[in-house]
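A short write-up of the structure that comes next.
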There are 2 protein chains.
Amino acid sequence: MKKADCKISDAEWIVMKVLWEEAPLTSAKIVEAVSSNKNWSPKTIHSLISRLVKKGFIGVNKEKPLYEYYPLVDKRDSILDETRSFIQKVYDGSIHLMLANFIKEEKISEEEIEELERLLNKKNNK
Amino acid sequence: MKKADCKISDAEWIVMKVLWEEAPLTSAKIVEAVSSNKNWSPKTIHSLISRLVKKGFIGVNKEKPLYEYYPLVDKRDSILDETRSFIQKVYDGSIHLMLANFIKEEKISEEEIEELERLLNKKNNK
DNA sequence: ACTTCTATCCTACAAGTGTAGTCTGTAATC
DNA sequence: GATTACAGACTACACTTGTAGGATAGAAGT
């Protein structure tokens, strides 16, 4: 059971993202997927998997000869949590400040701008 | 000298934000400012200040009887760094994915939407 | 001058993190 | 059947972080 005060660490996020893409997966599959991004020892990845199980972010199916792991938390919720704490830290919780600063600072292509405008419009009319 | 691999921790951000607001400040002033947000022991705040000095994020003027502290890193740069690593972790580095998801998920008021649209327009025309 | 306060410096200490290694047992290989 | 190789459990270990406490020294009050 996930504890409320437990967070997914930076390294653990990589494993979670693999499992959110596809699950259930054996540890070998997870190692394979993670290895395309990160040059970690398989042992390291196993450690991360175990920690995530202990923290309650992923579950294990022990029926199979090779255990299969799957996420226990929703990707969207996790992203929202993470985003909120980031915005709290950097922007004192002001979403607006964040978005504004972001649009100002970052290089965004014209197409992207147009798509964002579409999104804003849709939101506005709803 | 700030090391490249050194990060400002969550708690340290609060101190940095105080100093970005106003600097130089004595530690007593920093404690005062931080205390309005956080219920930390002054000792804790002193610890954070020392760590920030050691990490090279803030500097000290020891000429005065009471040391004065001031930021050594730019607020904007720090925010950009922090934002980039957040987006890397959660959105695999895709700014676009992040903004899109964000506009979709979060409750933003109409005025805010309009201001964001203005920002997008300004950006688009530049 | 002696006491008191308190800023600065140094130390503490448990939990979390990145990054693995060891041990044990089962599975596949020769 | 003996050997090897990998899975999973447990252990390791230094560093960071949150959260302070103690010692020391100079300033300030009496």
Side-chain angles (χ1 to χ4, degrees), chain A residues 2-19 24-35 37-70 81-82 85-86 88-89, chain B residues 2-19 24-35 37-70 81-82 85-86 88-89:
Chain A
K2 171 164 105 57
K3 290 288 172 194
D5 56 350
C6 230
K7 304 284 334 161
I8 301 173
S9 81
D10 289 9
E12 288 158 4
W13 261 89
I14 297 186
V15 173
M16 290 307 292
K17 281 191 291 192
V18 165
L19 285 175
L25 289 179
T26 63
S27 70
K29 288 288 190 179
I30 297 176
V31 167
E32 191 189 326
V34 168
S35 295
N37 290 43
K38 286 286 173 177
N39 206 23
W40 286 335
S41 150
K43 290 300 192 180
T44 299
I45 301 171
H46 285 306
S47 293
L48 294 173
I49 294 172
S50 304
R51 281 185 188 167
L52 284 167
V53 170
K54 183 153 60 165
K55 287 183 177 182
F57 291 111
I58 68 184
V60 200
N61 177 359
K62 301 194 174 182
E63 306 301 301
K64 305 285 180 71
L66 293 189
Y67 292 1
E68 289 190 331
Y69 300 90
Y70 51 90
D81 282 354
E82 196 67 35
S85 73
F86 162 72
Q88 183 57 48
K89 172 166 69 174
Chain B
K2 169 164 106 58
K3 290 290 172 196
D5 56 350
C6 228
K7 306 279 338 157
I8 301 173
S9 80
D10 288 9
E12 288 158 4
W13 262 88
I14 297 187
V15 173
M16 290 307 292
K17 282 192 289 194
V18 165
L19 285 175
L25 288 180
T26 63
S27 70
K29 287 288 190 179
I30 297 177
V31 167
E32 191 189 326
V34 168
S35 296
N37 290 41
K38 287 286 174 177
N39 206 24
W40 286 336
S41 149
K43 290 297 195 180
T44 298
I45 302 171
H46 286 306
S47 293
L48 294 173
I49 294 172
S50 305
R51 281 183 189 168
L52 284 167
V53 171
K54 185 155 58 166
K55 287 184 178 181
F57 291 111
I58 68 184
V60 200
N61 176 359
K62 300 194 174 183
E63 307 299 301
K64 304 286 180 70
L66 293 189
Y67 293 2
E68 289 189 332
Y69 300 90
Y70 51 90
D81 282 355
E82 195 67 35
S85 74
F86 162 72
Q88 184 56 51
K89 172 166 70 172

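As the structure is a computational prediction, the values presented were derived from the model and not from experiment.
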Under 4.0 Å, counting only non-hydrogen atoms across every strand here, what does S9(A) touch: a base, just sugar-phosphate, or nothing? sugar-phosphate

Hey, which of K17(B), K7(B), K38(B), K55(B) is the one that makes salt bridge (Lys or Arg N to Asp or Glu O under 4.0 Å) with E12(B)? K55(B)

For a quick check of understanding: with a heavy-atom distance under 4.0 Å over all strands, which category does K38(B) fall into, base, sugar-phosphate or nothing? nothing

What is the first contacted nucleotide of DNA chain C and what is the last, in 5' to 3' order, if contact means an atom lying under 4.0 angstrom from a heavy atom of chain B? dA7(C) to dA12(C)

Which part of the nucleic acid does K64(A) contact within heavy-atom distance under 4.0 Å: base, sugar-phosphate only, or nothing? nothing

Give the minimum heavy-atom separation between W13(A) and E82(A), together with the two atoms involved. NE1-OE1, 3.4 Å

For DNA chain C, what residues of residues 10-17 of chain A have any heavy atom nearer than 4.0 Å? D10(A), A11(A)

To the nearest 0.5 angstrom, please state how far the OG atom of S9(A) sits from the CG atom of L52(A). 7.0 Å

Distance check: side-chain N/O of S50(A) vs OP1/OP2 of dG8(D), anything under 4.0 Å? no

Letter by letter from the 5' end, nucleotides 22-30 of chain D scores (B base, S sugar-phosphate only, - none; protein heavy atoms under 4.0 Å) BB-------

For DNA chain C, whose closest nucleotide is more 5', that of K62(B) or that of S41(A)? K62(B)

From CA spacing to verdict: side chain to side chain contact (heavy atoms under 4.5 Å, CB included), S27(A), Y67(A): CA-CA 7 Å; S27(A) 70; Y67(A) 292 1; over 6 Å; no

Partners meeting salt bridge (charged side-chain N to carboxylate O under 4.0 Å, His left out) with K62(B) (sequence neighbours left out): none

I would like to know whether H46(B) and I30(B) meet side chain to side chain contact (heavy atoms under 4.5 Å, CB included); could you show each step before the answer? CA-CA 9 Å; H46(B) 286 306; I30(B) 297 177; over 6 Å; no

Heavy atoms under 4.0 Å, any strand shown: does S27(A) hit a base, just sugar-phosphate, or nothing? sugar-phosphate

Non-hydrogen atoms of T26(B) and Y69(B) that approach each other most closely: C-CD1, 4.3 Å

Let me know, please, whether N39(A) or L66(B) comes out on the 5' side of the other along DNA chain C by nearest nucleotide. L66(B)

Kindly write out the residues that satisfy side-chain contact (heavy atoms from CB on, under 4.5 Å) with S41(B), not counting sequence neighbours, or none if the list is empty. K43(B), T44(B)

Please report the shortest heavy-atom distance between I49(B) and I58(B), naming the atom on each side. O-CD1, 3.8 Å

Would you say W40(B) reaches dT19(D)'s phosphate, i.e. side-chain N/O to OP1/OP2 under 4.0 Å? yes

Could you tell me whether A28(B) contacts a base, only the sugar-phosphate backbone, or nothing, with contacts defined as non-hydrogen atoms closer than 4.0 Å? nothing

How close do N61(A) and Y70(A) get, heavy atom to heavy atom, and via which atoms? N-CE2, 3.8 Å

State whether the distance check finds a donor on one side and an acceptor on the other, under 3.5 Å, for side chain R51(A) versus base dT11(D). no

Nearest listed nucleotide, side chain of S47(B), among dG8(D), dT19(D), dA12(D): dT19(D)

Suppose we screen for ring-ring contact (aromatic ring centres under 6.0 Å, His included). Which residues come up paired with W40(A), at least two apart in sequence or across chains? none

